[in-house]
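Just the heavy atoms: all of them, side chains too, but no hydrogens, waters or symmetry mates, feed the values below.
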Amino acid sequence: MQELSLNILDIAQNSVKAGATLVRVGVTVEANALTIEIADNGCGMSPEFLQRVTDPFTTTRTTRKVGLGIPLFKQSAEMTGGSFSISSEPGVGTVVRATFVLDSIDRMPLGDLADTVCSLLYEQIDFVWHYAVDGRSFDFDTREIKAELGGIPIDSVQVVAFLKSMVEENIESVNGGRII
């Protein structure tokens, strides 16, 4: 994957496939670290599967025998001198956390986070996004937005276009002119 936002999308889609009804995504920049955390309340993983999940030949898919999302995310973080962790409990959910050294030449760009947010607008699944840079932050909670919409589907074309614009503006404001 060429952008970290695509890793976020892949892991969040794994959460959806795992039956999550709530997915929390945090992207935080402090000092020289970029931390991305994705947490869900999905079915979780057994301890045996969790031990193998960073192996590219471990997957729950039946259509192919390779699962590269988590292994590539881990490798991307570690190549910058950062770290990676994953914890999971059956029936509780999963937390994936990667920290990247921000100024590492090996760090991929964050990419189009607004597109990722809008790709994950589902009527039946709630997402909470937290984006923070050097103490400035923006929070986006689909539960609040759905309540304001009063029955209009969150994934309707007009709503998605409005939300994408709103997310882009808020990310730009939080970045304060900085390119992440």
Rounded to the nearest 0.5 Å, the CD atom of Gln13 sits from the CD1 atom of Ile11 at a distance of 10.5 Å
Dump the intermediate steps for side-chain contact (heavy atoms from CB on, under 4.5 Å) on Met45 and Ile86, then the final yes or no. CA-CA 10 Å; Met45 295 179 244; Ile86 184 167; 3.7 Å; yes
How far apart are the closest heavy atoms of Leu9 and Ser119, and which atoms are they? CD1-CB, 3.9 Å
With rounding to the nearest 0.5 angstrom, report the CG to CG distance, Asn175 to Leu110. 8.0 Å
Applying side chain to side chain contact (heavy atoms under 4.5 Å, CB included) to Val117 and not counting sequence neighbours gives Trp129, Phe140, Val167
With Asn170, which residues qualify under side-chain hydrogen bond (donor to acceptor under 3.5 Å, both in side chains), at least two apart? none
Write out all pairs satisfying salt bridge (charged side-chain N to carboxylate O under 4.0 Å, His left out) with one or both partners inside residues 81-93, taking only residues at least two apart or from two chains. none
ILVMFWY network linking Ile8 to Val16, side-chain heavy atoms under 4.5 angstrom: yes
Pair listing, salt bridge (charged side-chain N to carboxylate O under 4.0 Å, His left out) test, anchored in residues 156-180, at least two apart: Asp115-Lys164, Asp134-Arg178, Lys164-Glu168
Output yes when a side-chain donor or acceptor of Thr80 lies under 3.5 Å from a complementary backbone atom of Ala77, and no otherwise. yes
Under 3.5 Å donor-acceptor, Thr142 side chain and Phe127 backbone: yes
With sequence neighbours excluded, give me every ring pair (Phe, Tyr, Trp, His ring centres under 6.0 Å) pair touching residues 86-121. Phe73-Phe100
Would you please name every residue forming a side-chain hydrogen bond (donor to acceptor under 3.5 Å, both in side chains) with Glu78, sequence neighbours left out? Lys74
What's the spacing between Ser87 OG and Arg97 CZ if we round to 0.5 Å? 10.5 Å
Going by salt bridge (charged side-chain N to carboxylate O under 4.0 Å, His left out), name the residues that satisfy it together with Asp112, two or more places apart in sequence or in a different chain. none
Same apolar cluster: Met79 and Phe84, side chain cutoff 4.5 Å: no
Is there a donor-acceptor contact under 3.5 Å from the side chain of Ser88 to the main chain of Gly93? yes
Following the transitive rule for hydrophobic clusters with a side-chain heavy-atom cut-off under 4.5 Å over Ile, Leu, Val, Met, Phe, Trp and Tyr, establish whether Leu50 and Val95 coincide in one cluster. no
CD1-CD distance between Ile152 and Glu123, expressed to the nearest 0.5 angstrom: 10.5 Å
CD1 (Ile145) and CG (Leu121) are apart, to the nearest 0.5 Å, by 7.5 Å
Hydrophobic cluster identity match, Val92 and Leu22, side-chain contacts under 4.5 Å: no
What pairs with Ser173 under side chain to side chain contact (heavy atoms under 4.5 Å, CB included), at least two apart in sequence or on another chain? none
What are the two closest heavy atoms between Ser46 and Pro90, and how far apart are they? CA-CG, 3.9 Å
In Å, rounded to the nearest 0.5 Å, how long is the span from OG1 of Thr94 to CG of Asp40? 5.0 Å
Determine, using the 4.5 Å side-chain heavy-atom cutoff (strictly less than), whether Ile125 and Val128 are members of one ILVMFWY cluster. no
Applying side-chain hydrogen bond (donor to acceptor under 3.5 Å, both in side chains), can you list everything that pairs with Asp106, at least two apart in sequence or on another chain? none
Give the C-alpha distance, both sets of side-chain angles, the deciding distance and a yes or no for side-chain contact (heavy atoms from CB on, under 4.5 Å) between Ile154 and Leu163. CA-CA 9 Å; Ile154 195 167; Leu163 292 176; 4.0 Å; yes
Excluding sequence neighbours, so at least two apart, what forms salt bridge (charged side-chain N to carboxylate O under 4.0 Å, His left out) with Asp141? Arg143
Check residues 23-31 and write down every donor-acceptor pair under 3.5 Å in which the side-chain atom is one partner and the other belongs to a residue at least two apart or another chain.
none

Could you walk me through whether Asp10 and Asn14 satisfy the side-chain contact (heavy atoms from CB on, under 4.5 Å) test, starting with their C-alpha distance in whole Å, then the side-chain angles of each, then the deciding distance to 0.1 Å, before giving a yes or no? CA-CA 6 Å; Asp10 179 65; Asn14 287 348; 4.0 Å; yes
Test side-chain contact (heavy atoms from CB on, under 4.5 Å) on Asn7 and Met108; report intermediate values, then the result. CA-CA 11 Å; Asn7 288 108; Met108 292 185 291; 3.6 Å; yes
Shortest non-hydrogen contact between Ser15 and Ile38, atoms and distance: OG-CG2, 4.3 Å
Salt bridge (charged side-chain N to carboxylate O under 4.0 Å, His left out): which pairs involve residues 145-155, sequence neighbours left out? Asp126-Lys146
